[in-house]
Protein chains: 4
Amino acid sequence: MEKKMSRPKDSASRILNAADELFGELGYDAVSISDVARKAQVNKALVFYYYSSKAELFEQVIERYYAAHAAVLAAVARRPMSVRQRLHDMLDAYFRFMATNWRYPRLIQQQVSSNGPHLESIQRNLAMLFESIRVPLEDLAVQRPETSARQFFVTFSGMVINYFTYAPVLSAMWGTDPLAEAELAARRSHLHWVLDGMLDKLDRESAQS
Amino acid sequence: MEKKMSRPKDSASRILNAADELFGELGYDAVSISDVARKAQVNKALVFYYYSSKAELFEQVIERYYAAHAAVLAAVARRPMSVRQRLHDMLDAYFRFMATNWRYPRLIQQQVSSNGPHLESIQRNLAMLFESIRVPLEDLAVQRPETSARQFFVTFSGMVINYFTYAPVLSAMWGTDPLAEAELAARRSHLHWVLDGMLDKLDRESAQS
Amino acid sequence: MEKKMSRPKDSASRILNAADELFGELGYDAVSISDVARKAQVNKALVFYYYSSKAELFEQVIERYYAAHAAVLAAVARRPMSVRQRLHDMLDAYFRFMATNWRYPRLIQQQVSSNGPHLESIQRNLAMLFESIRVPLEDLAVQRPETSARQFFVTFSGMVINYFTYAPVLSAMWGTDPLAEAELAARRSHLHWVLDGMLDKLDRESAQS
Amino acid sequence: MEKKMSRPKDSASRILNAADELFGELGYDAVSISDVARKAQVNKALVFYYYSSKAELFEQVIERYYAAHAAVLAAVARRPMSVRQRLHDMLDAYFRFMATNWRYPRLIQQQVSSNGPHLESIQRNLAMLFESIRVPLEDLAVQRPETSARQFFVTFSGMVINYFTYAPVLSAMWGTDPLAEAELAARRSHLHWVLDGMLDKLDRESAQS
DNA sequence: GATGAATGAGCGTTCATTCAT
DNA sequence: AATGAATGAACGCTCATTCAT
């Protein structure tokens with residue numbers, strides 16, 4: 001007799017993927033373990049066999065994103081280049097990563113906007129991200145209150161993240177899919193345009209002073 | 001004789017305020033009607049006496065914000081001025097409103113990032129907001145993909161909203177309260193600086209073409 | 001200024017009528033005091049002003065039917081006539097009363113079939129009804145087990161009552177309204193036909209013995 | 001080692017039986033899931049593990065009766081015999097089934113007399129029952145308004161059903177248990193006596209015409 | 001006589017989690 | 001590794017009833 005035909009991926013990762021999709025779409029609270037088990041086509045108790053609790057399951061979902069995210073950042077940081085180019089590169093890498101993993105920013109927003117129990121790990125991740133942008137920015141210009149690295153950090157992450165968080169709403173508003181290739185390209189060029197605008201202004205200001 | 005020992009505000013609005021604070025802090029799903037009743041110091045059943053369901057209570061909370069928000073926008077729209085000035089004014093009004101009602105952007109983010117059941121009314125509100133920014137922007141410049149009103153809309157709302165959504169996290173990261181006067185001032189000046197950068201760039205580009 | 005224009009009937013009886021209709025249609029448990037108040041167009045608390053509890057309100061509803069029912073029975077009993085004629089008369093009066101007050105048998109059936117809290121008063125009423133049929137029947141024939149007054153009592157009340165209890169179901173089954181004149185007439189003639197059949201049989205049996 | 005201290009019947013059927021008894025005695029609305037769970041000696045949540053809702057639990061209870069009832073009817077229909085004998089047989093089977101499953105008619109009466117949410121399935125069942133009696137009756141005699149199959153159907157079901165519905169009341173009235181063997185026998189002989197009376201009358205009438 | 005506000009108790013239902021197998 | 005059964009706690013909500021005015 002055959003050993004109950006197991007699916008392409010083993011149960012543990014099928015559960016993780018199901019959790020990823022459901023949490024990302026509906027939010028932590030709106031998803032029950034039963035939902036996850038059903039989607040993963042496994043027994044409900046098996047979820048607890050692999051992940052000790054619902055909270056831990058969620059943690060694993062974002063942990064996987066953190067790792068991938070960190071890898072992308074590291075790859076960019078490794079390349080030597082001008083500051084201006086570096087910032088464009090980082091923005092691009094950030095945007096591309098989010099476009100590919102669009103449920104990730106949604107998961108983060110859910111937690112942040114409701115003081116979820118996973119804020120701490122999000123904080124750690126965010127601090128790392130901030131560090132990677134702070135250095136080039138501080139090289140670039142004097143830190144005035146309106147041009148501090150902190151402000152740019154919030155501005156750029158907001159510009160990128162919110163595009164994906166709001167994707168479903170924008171889609172309904174404008175009748176186009178914000179995740180389609182053409183729309184992504186438009187957004188990306190806009191972001192670079194904005195970045196250029198800022199760098200130009202910084203240049204002009206430092207020239208002037 | 002005393003006026004029947006009731007608190008400064010009547011039960012209905014005490015409930016609404018409690019709901020506002022709790023939903024804004026913890027998110028719709030994480031807040032139970034018991035929590036709201038306890039915070040409002042009323043009987044749980046009384047919540048249903050005034051608001052027919054938890055969903056309706058939430059609706060009322062955001063409806064109140066919508067009304068205030070629309071009033072602010074209308075006030076700005078009424079003033080005649082240059083396009084550049086108008087955009088600065090609108091940004092300023094938007095930011096100030098969010099700073100005063102910082103739970104409002106959090107409530108919206110919660111719903112949007114988890115496809116909550118109130119997306120529809122959020123959409124309506126967002127469409128209105130978009131309309132009020134679209135006209136001045138389209139006056140300003142040719143609509144290229146990277147400088148379309150849509151892109152600016154997402155960019156500015158992201159820049160503003162996320163500052164408040166992330167306030168708790170930033171507070172922990174930087175050890176300063178993002179909602180304190182000094183920090184708000186810094187953010188506000190940054191936003192105007194960014195807007196100026198963009199407008200300058202648009203000017204230069206239209207001069208050049 | 002006018003004294004809040006009161007409706008054709010005063011509040012107390014409007015409440016009673018509303019309760020009658022709702023209880024009769026939906027059953028005691030399925031009807032809330034709010035429902036009654038809404039239907040009677042009075043304030044919910046006013047129901048308790050006139051009727052001390054939901055149970056008492058129900059009691060008053062059936063009490064009103066009892067009184068009317070007793071009056072009808074008494075009227076029939078008063079007329080001197082042959083036994084056979086008396087039984088036909090009683091059956092007729094019973095049926096006509098139920099046809100006019102078709103919610104009454106439904107109310108009774110609800111209580112009886114769910115051991116409701118009003119069984120006792122129902123019992124009293126039923127005993128009275130039984131007494132009024134027992135005497136003529138016992139005059140008529142020897143009481144064998146299969147022809148005892150008790151059996152006839154159950155048989156006739158079942159034949160009459162169930163027609164009304166089942167009216168909604170029969171209506172759907174047969175596509176005709178059992179409470180329409182034509183249908184009532186058919187039922188009534190059937191009941192007399194059955195009664196005649198029984199009396200004939202009793203006659204033949206007593207002739208034979 | 002013991003087989004995991006579970007009662008003679010497994011939880012699912014213990015719940016179903018408890019529901020049967022409680023619904024039959026007190027009525028759908030007067031019985032809470034807690035009551036059922038307590039009687040079945042299981043956890044309240046387990047009721048929902050086996051039956052998705054209170055309504056479905058009730059449905060299962062009557063469904064079980066339907067199946068048994070249909071089986072009995074089918075068994076009778078299979079036997080070839082004279083029309084008169086067939087009607088006696090059907091009446092007998094009907095009565096015996098009700099005597100054995102006396103909570104069944106009560107459940108039906110509850111629903112019918114309060115327009116309960118399960119009327120539809122009751123209607124289907126009743127239509128089937130009607131069909132099984134219609135054919136032999138229509139063979140028997142011309143259909144006059146007072147001797148139509150419909151009338152006989154209501155008459156006989158009323159005569160049988162109400163005996164059981166009223167059992168608790170009759171018991172209190174007469175001081176004898178209507179479900180005791182002797183009383184059942186009396187009722188049964190009465191029913192056959194009535195049927196004979198009707199058949200005789202039909203015979204006489206068709207002879208005469 | 002009439003009403004709006006308030007409340008305690010309970011209901012049907014869901015869910016994360018446990019456990020024996 | 002996998003599962004069906006079981007459970008305690010909580011949740012949103014309803015309702016009969018009370019009470020001050």
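Order of the sequence lines fixes the chain letters, A, B, ..., with proteins taken first and strands second; residue numbering starts at 1 for each chain.
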Distance in angstrom units between [X] [atom1] and [N] [atom2], rounded:
X: D/Tyr50; N: E/dG12; atom1: OH; atom2: P; answer: 20 Å
X: B/Asn43; N: E/dG4; atom1: CG; atom2: C1'; answer: 15 Å
X: A/Arg38; N: F/dT3; atom1: CZ; atom2: C1'; answer: 16 Å
X: B/Leu46; N: E/dA9; atom1: CG; atom2: C1'; answer: 16 Å
X: B/Gln41; N: E/dT7; atom1: CD; atom2: C1'; answer: 16 Å
X: A/Asp10; N: F/dA2; atom1: CG; atom2: P; answer: 8 Å
X: B/Arg14; N: E/dA5; atom1: CZ; atom2: C1'; answer: 12 Å
X: B/Phe58; N: F/dG12; atom1: CZ; atom2: P; answer: 14 Å

### Message
A side-chain contact here means heavy atoms from C-beta on lying under 4.5 Å apart; do B/Tyr166 and A/Leu126 qualify?
### Response
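With C-beta onward as the side chain, the pair touches.
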### Message
Just so I know, are the side chains of A/Leu57 and A/Tyr50 near enough to count as touching, which here means a heavy-atom distance under 4.5 Å?
### Response
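Not in contact.
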### Residues B/Arg64 and B/Asn17: side-chain donor-acceptor under 3.5 angstrom
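On atom types as modelled, these side chains qualify, holding a pair under 3.5 Å.
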### Task
Could you tell me which residues satisfy salt bridge (Lys or Arg N to Asp or Glu O under 4.0 Å) with D/Glu21, sequence neighbours excluded, listed by chain and number?
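So D/Glu21 forms a salt bridge (Lys or Arg N to Asp or Glu O under 4.0 Å) with D/Lys39.
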### Query
Just checking, B/Lys54 and B/Tyr28: is the charged tip under 6.0 Å from the six-membered ring centre and within 45° of the axis?
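Judged by the rule (NZ or CZ under 6.0 Å from the ring centre, within 45° of its axis), B/Lys54 counts as positioned above B/Tyr28.
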### Query
Tell me, which stems hold DNA chain E, with a stem being 3 or more Watson-Crick or G-U pairs in a row and both distances under 3.5 Å?
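If one scans DNA chain E for consecutive Watson-Crick or G-U pairs, the stems found are E:2-21 with F:2-21.
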### Message
Tell me whether the side-chain N/O atoms of B/Tyr49 come closer than 4.0 Å to OP1 or OP2 in F/dC13.
### Response
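It does not, given that no N or O in the side chain of B/Tyr49 lies less than 4.0 Å from OP1 or OP2 of F/dC13.
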### Task
To the nearest 0.5 angstrom, please state how far the CZ atom of C/Arg106 sits from the OG1 atom of C/Thr165.
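Rounded to the nearest 0.5 Å, the CZ-OG1 separation comes to 7.0 Å.
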Give every pair of a protein N or O atom and an N or O atom of nucleotides 16-19 of chain E that lie under 3.5 Å apart, one pair per line with the distance.
unit_1, atom_1, unit_2, atom_2, d
E/dA16, OP1, A/Lys54, NZ, 3.1
E/dA16, OP2, A/Ile33, N, 2.8
E/dT17, OP2, A/Lys54, N, 2.8
E/dT17, O4, A/Lys44, NZ, 3.3

Which residues share a side chain to side chain donor-acceptor pair (under 3.5 Å) with [X], sequence neighbours left out:
X: D/Gln60; answer: D/Glu56
X: C/Asn43; answer: none
X: B/Arg124; answer: none

### Task
Identify, between D/Val42 and C/Asp35, the residue whose nearest nucleotide on DNA chain F lies closer to the 5' end.
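The 5'-side residue here is D/Val42.
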